[in-house]
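Because the structure is a prediction, the values reported are computed rather than measured.
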Amino acid sequence: MGMGARVIFAIALFAAMGVAWLAFQDLSFERDRTLPEWKSLSEAENLLRQKPIPGAWAAGLFISERGLNTALESLKDAQIAYDPELKADEDTVVHLRNVSVDFQPGFAWAFLRLDAYSKKRNLTVKYDGQASLVFKGIEEGANGEAQAVFALSLLRLDPDFGWGWFNITSRNYASDLIETGLMPKFVEAFTMDLPFKNSFAYDLKQDFTYTVPVRDPKDENWIKVQIAIPPNDLSQKIHAANAVVLNGGIWLLTDLNEKPVASSIIGEPPPEIQDDIVRLRKNLERIRTPKLNDADIAFWINGTVARLIQDKFNQLPAANRTATVKSEQFNGRLADHEWRNEVLGEGEVFAELADPGAVAATIVTKAVGISWTKGRRLKVSLDAKVEAKASLDLHVRPITGRGVHTTVDLIGNTAIEPGFDARFEIGEVGDNTIVMLKPDIGCRNIKLALKTIGKAEFEEAWVRVPPVGADITLPLGPQIVSNMLLMSDLPFRRQGRGADGSPLKVIAGDDHFLFTPAWTEAQYAFVPRRVEGDDGGLWIAANLSTRLLGSESAGYDRAAAESKLAAAAVKGQVRTNCPGEPGLALTIGDLEFGGNEELAMFFEERGLPLPQVLGGLPGISGTGPTIPSPISPIPGFNVPIPSPLSSTNAPTIKTIPSPIPPIPTPAMPKIPSPLPPTSDPTMPKIPSPLPQTPGPMGIP
């Protein structure tokens, strides 16, 4: 055999030996999936034994396979490496080139493509892998938001490179990463955090002004009142959840507890573990999945959440359950009327508020009841008490002279038991899509009768006023109750870098890693698509939208943006007044004017002419007049208040000398007649034509 042949033979022998060595060398990492799959199925069965899924759970989030794969896009091309401060001798960097998930009952498969690269070794190894997707729990961030954390549990890993003696170095590197357990640690350090809103909150705060017309013309006679409720959030947070993997998606269920619901301890698997897996999978087919249609995720809210909110409200201090109504400005008169009387002539009576803050009321809600009804609706009932007071100035004035006035204080209270419905709707505010809880109060009036505190009296005696009453109508309708924002498509942000631009630190037990995603900022948005209700609760279907940005967006605060969006939704709400909404109606009994003596004294003290006295001549008693109430209450709810004073006989008026002395009658001058005086003519004596007859007693 020649030299050339021997060389060729040696090369072929060494190549064959290398191929044989490579063939017998096992470079794969593999875990048996049977046991973790059986445990996952057993935990789901334990939850199902406790109560139906999802109907009996307070709340839940169902993420479809499509939705979770959309979220997993954020892990593509991410890198992870040891923190050099704790492990400087290992410079391997693992790139997650691709990841996708496939859901089966009780188990979620994840398929991976990875690269492992070492600069100091100048080597790169590609891997194909399989893992199970594991829900790690809910973490609350510093900004008050929460995130559902998903991780990978590696099941199998296979290097992907060609055969040849020149790949021996790469194969040694791949073997070291697997045998030392570095690759499982690297892979399982990748986590996907899906941020979401983990609380339902409604701020009770109300603070707005409302103009109440009191009489025509309404633009001239009104009271402006302020309606206020102190701020207080009725909120419920989601701190923990249990995961149930189904065919096509995963349920994250919560009872709104601090910790996940305790499940029975999972024992050892039976000898026929595969048969038990088949049985457990069949049991999971009973679990309901939402009808997503074209949506990616669904939120479930059980009707029991309404009861939790109800209990939270009823446990609030009384001050936080109290609405205040206070006048702050008024214009015109509450009522006025002109009158005429035979004694006093013409006059007028009118009433107005004593001062801008003269009307005040409190509405204390003692208890609230909230229940779920079919068809996306809540039914709300209230047990409340209203207390009110008002201070009025009452003026009585004869047009011929100065009048009098007095201040009348009124108080009253009543119990009310209003109820209303609230419905859930999808709406648009600007460019955003939101889900709102919209109270449907309708139009109703809280009617309150006020009465005087004691007797209303004037200092002057010439007029008396019986008790004064007022019927106040407080508005309760769409103009005083705001919509509540439940959900919006505003994005949640996740930062891909530390505050100084460095990679994110991940702690996994004793190992510290540096995680560097391919993006600087990721934005996840849940876009509402449908709202549906049934006997058990509410479904909200939404799409999951992701945006991966190469730079950080400055100045974005989601909580502030959602508060602004909620304010815009309330501002856009139509606050129409209820038709025929009145306001305030006065009830005043008969005005009683004093007797003659009191009237005379009143006019004398003011130097006024004494008018004609009704019912007698000067100095003789007359009966004082009674004028029916010149102020007619506004039609509506009235409580008539009879006058406690009856008419009295007036005292005798004193004889008062006239202050003006009498003027003497002037003497008339004697004017001589222009005709001379003549003597009266002598009348002739004419004898009687009748004969003279004898008189009585025989006297001729």
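Taking CG of Leu280 as the start and OG of Ser42 as the end, the distance is 5.0 Å to the nearest 0.5 Å. Of the inter-residue distances, the one linking Arg66 atom CZ with Asp294 atom CG reads 7.0 Å to the nearest 0.5 angstrom. Distance check: Phe299 CZ to Ile63 CD1 gives 8.5 Å after rounding to the nearest 0.5 Å. Atom-to-atom distance recorded for Arg494:CZ and Glu145:CD is 12.5 Å, nearest 0.5 angstrom. The CG atom of Leu538 sits 5.0 Å away from the CD1 atom of Ile540 when rounded to the nearest 0.5 Å. To the nearest 0.5 Å, the span separating CD on Gln104 from CG on Leu246 amounts to 12.5 Å.
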Exercise. Going through the distances and angles, do Leu96 and Asp77 end up as a side-chain contact (heavy atoms from CB on, under 4.5 Å)?
Worked result: CA-CA 5 Å; Leu96 184 58; Asp77 293 322; over 6 Å; no
Exercise. Can you check side-chain contact (heavy atoms from CB on, under 4.5 Å) on Asn302 and Trp57, steps first, answer last?
Worked result: CA-CA 7 Å; Asn302 189 295; Trp57 292 77; 6.0 Å; no
For this session: Check the pair Arg156, Asp158 against salt bridge (Lys or Arg N to Asp or Glu O under 4.0 Å), reporting the backbone distance first and the verdict last.
Result: CA-CA 7 Å; Arg156 184 175 178 83; Asp158 297 305; 2.9 Å; yes
For this session: Assess whether salt bridge (Lys or Arg N to Asp or Glu O under 4.0 Å) is satisfied between Lys291 and Glu532, documenting all intermediate values.
Result: CA-CA 10 Å; Lys291 297 178 181 179; Glu532 299 176 358; over 6 Å; no
For this session: Check the pair Asp91 / Lys119 against salt bridge (Lys or Arg N to Asp or Glu O under 4.0 Å), numbers first and verdict last.
Result: CA-CA 7 Å; Asp91 73 336; Lys119 183 177 181 180; over 6 Å; no
Exercise. How far apart are the C-alpha atoms of Lys197 and Met487, what are their side-chain angles, what is the distance that settles it, and do they pass the side-chain contact (heavy atoms from CB on, under 4.5 Å) test?
Worked result: CA-CA 8 Å; Lys197 186 175 180 178; Met487 177 181 173; over 6 Å; no
Exercise. Can you list the steps and then say if Phe29 with Met183 is a side-chain contact (heavy atoms from CB on, under 4.5 Å)?
Worked result: CA-CA 9 Å; Phe29 169 85; Met183 279 305 293; over 6 Å; no
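Between the side chain of Arg558 and the backbone N or O of Leu490, at least one donor-acceptor pair lies under 3.5 Å. Remark: side-chain polar atoms of Arg530 are paired, donor with acceptor, to backbone N or O of Leu292 under 3.5 angstrom. A donor-acceptor distance shorter than 3.5 angstrom exists from the side chain of Glu521 to the backbone of Ser553, with no hydrogens or angles considered. Listed for the Gln523 side chain is no donor-acceptor partner under 3.5 Å among the backbone atoms of Arg547. Checking side-chain atoms of Glu188 against main-chain N and O of Leu154 turns up a donor-acceptor pair under 3.5 Å. A distance-only check finds no donor-acceptor pair linking the side chain of Thr254 to the backbone of Ala241 [under 3.5 Å]. Side-chain atoms of Asp176 do not come within 3.5 Å of backbone N or O of Glu179 as any donor-acceptor pair. Using modelled atom types, no side-chain atom of Glu37 and backbone atom of Phe107 make a donor-acceptor pair closer than 3.5 Å.
Aromatic ring pairs are classed by plane angle as parallel below 30°, tilted from 30° to 60° and perpendicular above 60°; the pair Phe150 and Phe135 is tilted. Taking the six-membered ring for Trp and thresholds of 30 and 60 degrees, Trp372 and Phe424 have ring planes inclined between 30 and 60 degrees apart.
Residue pairs that meet the salt bridge (Lys or Arg N to Asp or Glu O under 4.0 Å) test with at least one member in residues 501-512, sequence neighbours left out, are Lys185-Asp511. Each salt bridge (Lys or Arg N to Asp or Glu O under 4.0 Å) pair with one or both residues in residues 102-114, not counting sequence neighbours, appears once here: Arg113-Asp128, Arg113-Asp160.
No side-chain heavy atom of Phe62 sits under 4.5 Å from any side-chain heavy atom of Pro54. Using a 4.5 Å heavy-atom threshold, the side chains of Leu378 and Thr373 count as separate. Proximity of Tyr127 to Val187: side-chain heavy atoms (C-beta onward) are nowhere separated by under 4.5 Å. In this structure the side chain of Phe186 never reaches within 4.5 angstrom of the side chain of Leu114, judged on heavy atoms. When side chains are defined from C-beta on, Pro528 counts as touching Asp489, because their heavy atoms get closer than 4.5 Å. For the pair Ile287 and Glu285, the minimum side-chain heavy-atom distance is 4.5 Å or more. Considering only heavy atoms from C-beta on, Ser132 stays 4.5 Å or farther from Arg31 through its side chain. Phe515 has its side chain within reach of Leu75: a pair of non-hydrogen atoms, C-beta onward, lies under 4.5 Å apart.
Shortest non-hydrogen contact noted between Leu284 and Ala44 is CD2-CB, 3.7 Å. When all heavy atoms of Ser74 and Trp519 are compared, the closest pair comes out as O-NE1, 2.8 Å. Across all non-hydrogen atoms, the minimal contact from Gly106 to Ser40 is O-OG, 2.6 Å. The two residues Leu112 and Ala131 make their nearest non-hydrogen contact at CD1-CB, 4.2 Å. When all heavy atoms of Ala56 and Asp255 are compared, the closest pair comes out as O-OD1, 4.3 Å. Considering every non-hydrogen atom in both Lys120 and Asp89, the closest pair reads NZ-O, 2.5 Å.
In this structure, Lys136 places its NZ atom where only 12 or fewer heavy-atom neighbours from other residues, nucleotides or ligands lie under 6.0 Å away.
Of the charged side-chain nitrogens involved, none lies within less than 4.0 Å of a carboxylate oxygen, so that Arg281 and Glu45 do not count as a salt-bridged pair.
Each of Tyr82, Tyr173, Tyr117 was checked for a side-chain hydrogen bond (donor to acceptor under 3.5 Å, both in side chains) with Thr92, and the lone residue meeting it is Tyr173.
If you check the side chains of Glu428 and Thr433, you find a donor sitting under 3.5 Å from an acceptor. In this structure, a donor-acceptor pair under 3.5 Å is absent between the side chains of Ser64 and Asp296.
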